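In what follows, a single structure is set out as structure tokens and then discussed.
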Amino acid sequence: MSGSIFIRQYRDRLVVESPGGFPNGITVDNILNRQSPRNRRIAEILSLCGLVERSGQGMNLIYEISIMEAKDLPDFTGTDDSFVNLTLNGLIIDKKMLSVIKKIGEDRLESFSTSDFLIVNALYHENPVSEYLRPRLKRLAEIGVAEHIGRNKYVLSRQLYASVGKSGTHTRIVGLDRETNMELILKHIRSNGDSGTQFKELQQVLPNLSRNEIKVLMRELKNKNLIYAKGNTSAARWFAY
């Protein structure tokens, strides 16, 4: 029948097909942050009757549950202006992710927003954290879920990685980042040759690191006899051996 919603169940997924496209103003990119019911009056009545906890939060719950159950995020492939296609994956993609969620604990999870779940999912799978989620990183670091390793760089805490036997992964992520930054510093100093390199140039090379963080890396390079300085003030220049 025209206009009907179809739900197809497979062994590993559930597919919801709905004609009509998203409501006005709603896209795949903002579906978690904006609510626009097709019939606002019906939505208000359902809320007043206690049949829904809060209108517009169904998709948020779907994302949160998918992450808590270590499944792929909802997939809207095939969606266009006249048709919505939603695939809910049923397979656990990484059982250790379940242990990470358990280790976070119910007390902390109760205070989680959908954004917090998305950040944990991104960090665990070593994916970039979307720009609109980044303001939540500081809070996750404060409660011991994430760890700050640079001005704009975060990873899951060592404790969470250790809880699933992946402390080596934590060391690799932090260490790789450190080694990469030192290599960038050394490469830039070498490229300047006999002209030398001022400290302010290195801040341009690594804009995401603080002045002190760069100094720590340079001290390590100096201790390894890879670089040396001429001069003792802010005008000092650095050279490679």
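In what follows, residues are counted from 1 in the order of the sequence shown. None of the values given here were measured: they were computed from a predicted structure.
- Heavy atoms of other residues, nucleotides or ligands lying less than 6.0 angstrom from CD of Glu142 number more than 12.
- Taking 4.5 Å as the limit, some side-chain heavy atom of Ile143 sits within range of a side-chain heavy atom of Val145.
- Arg237 contributes atom CZ, which lies 11.0 Å from atom NZ of Lys230 (distance to the nearest 0.5 angstrom).
- In summary, the aromatic rings of Phe22 and Phe76 are positioned with their centroids under 6.0 Å apart.
- Taking a cutoff of 4.0 Å between a charged side-chain nitrogen and a carboxylate oxygen, Glu126 and Arg172 qualify as a salt bridge.
- Few gaps surround NZ on Lys166; more than 12 heavy atoms of other groups in view lie less than 6.0 Å from it.
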_If you apply the rule side chain to side chain contact (heavy atoms under 4.5 Å, CB included), what do you find for Trp238 with Glu201, and how did you get there?_
CA-CA 10 Å; Trp238 290 86; Glu201 291 183 39; over 6 Å; no
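- The shortest non-hydrogen separation linking Pro74 to Ser66 is CD-OG, 4.0 Å.
- At a threshold of 4.5 Å between non-hydrogen side-chain atoms, the residues Lys71 and Leu91 do not count as touching.
- Side-chain contact between His170 and Leu156 is absent, with no heavy atoms from C-beta onward closer than 4.5 Å.
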*Could you walk me through whether Ser82 and Asp80 pass the side chain to side chain donor-acceptor pair (under 3.5 Å) check?*
CA-CA 6 Å; Ser82 58; Asp80 54 32; 3.3 Å; yes
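- In this structure, the separation between CG on Leu186 and CG on Leu217 is 11.5 Å, given to the nearest 0.5 Å.
- Although no hydrogens or angles enter the test, the distance criterion places a donor-acceptor pair under 3.5 Å between the side chain of Thr27 and the main chain of Asp29.
- Side-chain contact of Arg139 with Ser111: a donor-acceptor pair under 3.5 Å is present, judged by distance alone.
- A donor-acceptor pair under 3.5 Å is absent between the side-chain atoms of Asn121 and the main chain of Phe117, judged by distance alone.
- The shortest side-chain heavy-atom distance between Asn85 and Phe83 falls under the 4.5 Å cut-off.
- The shortest non-hydrogen separation linking Phe239 to Gly193 is CD2-O, 3.6 Å.
- Closest heavy-atom contact between Met68 and Leu98: O-CD2, 3.4 Å.
- A donor-acceptor pair under 3.5 Å is formed between the side chain of Ser157 and the backbone N or O of Gly144.
- A distance-only check finds a donor-acceptor pair linking the side chain of Glu213 to the backbone of Ser210 [under 3.5 Å].
- Formation of a donor-acceptor pair under 3.5 Å by the Arg178 side chain with backbone atoms of Val174 is not found in this model.
- Atom CG of Leu226 sits about 10.0 Å away from atom CG of Asn223, to the nearest 0.5 Å.
- Remark: of the listed residues Val155, Leu140, Leu160, Ile173, Val155 is the sole one forming a side-chain contact (heavy atoms from CB on, under 4.5 Å) with Glu147.
- Nearest approach of Ile119 to Leu133, heavy atoms of both residues: CD1-O, 3.3 Å.
- A donor-acceptor contact closer than 3.5 angstrom is absent between the side chains of Asp75 and Thr87.
- Aromatic ring pairs are classed by plane angle as parallel below 30°, tilted from 30° to 60° and perpendicular above 60°; the pair Tyr241 and Tyr228 is tilted.
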*Decide yes or no on side chain to side chain contact (heavy atoms under 4.5 Å, CB included) for Val15 and Glu17, but give the supporting numbers first.*
CA-CA 6 Å; Val15 178; Glu17 301 172 342; 3.9 Å; yes
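- Electrostatic pairing of Glu183 and Lys187 does not count as a salt bridge here, judged by no charged N lying under 4.0 Å from a carboxylate O.
- The shortest non-hydrogen separation linking Ala240 to Ile189 is N-CG2, 3.5 Å.
- Side-chain contact between Ile227 and Met218: present, with at least one pair of heavy atoms (C-beta onward) separated by less than 4.5 Å.
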*Step by step, would you call Asn33 with Tyr132 a side chain to side chain donor-acceptor pair (under 3.5 Å)?*
CA-CA 10 Å; Asn33 304 313; Tyr132 81 94; 4.6 Å; no
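- For Arg8 (side chain) and Val16 (main-chain N/O), no donor-acceptor pair under 3.5 Å exists by modelled atom type.
- Asp72 CG to His125 NE2: the interatomic distance, rounded to the nearest 0.5 Å, is 7.5 Å.
- The structure places CE of Met182 at 10.5 Å from CG of Asp177, a figure rounded to the nearest 0.5 Å.
- Contact between Ile26 and Ile31 at its shortest, heavy atoms only, is CG2-CG1, 4.0 Å.
- Within the 4.5 Å cutoff, the side chain of Ile104 has heavy atoms near those of the Phe112 side chain.
- With hydrogens and angles ignored, the 3.5 Å screen pairs a side-chain donor or acceptor of Asn30 with a backbone N or O of Gly25.
- Atoms CD1 and OH, on Ile67 and Tyr124 in that order, are 13.5 Å from each other to the nearest 0.5 Å.
- Note that Arg13 lies in the cation-pi zone of Tyr10, set by a 6.0 Å cut-off to the ring centre and a 45° limit from the axis.
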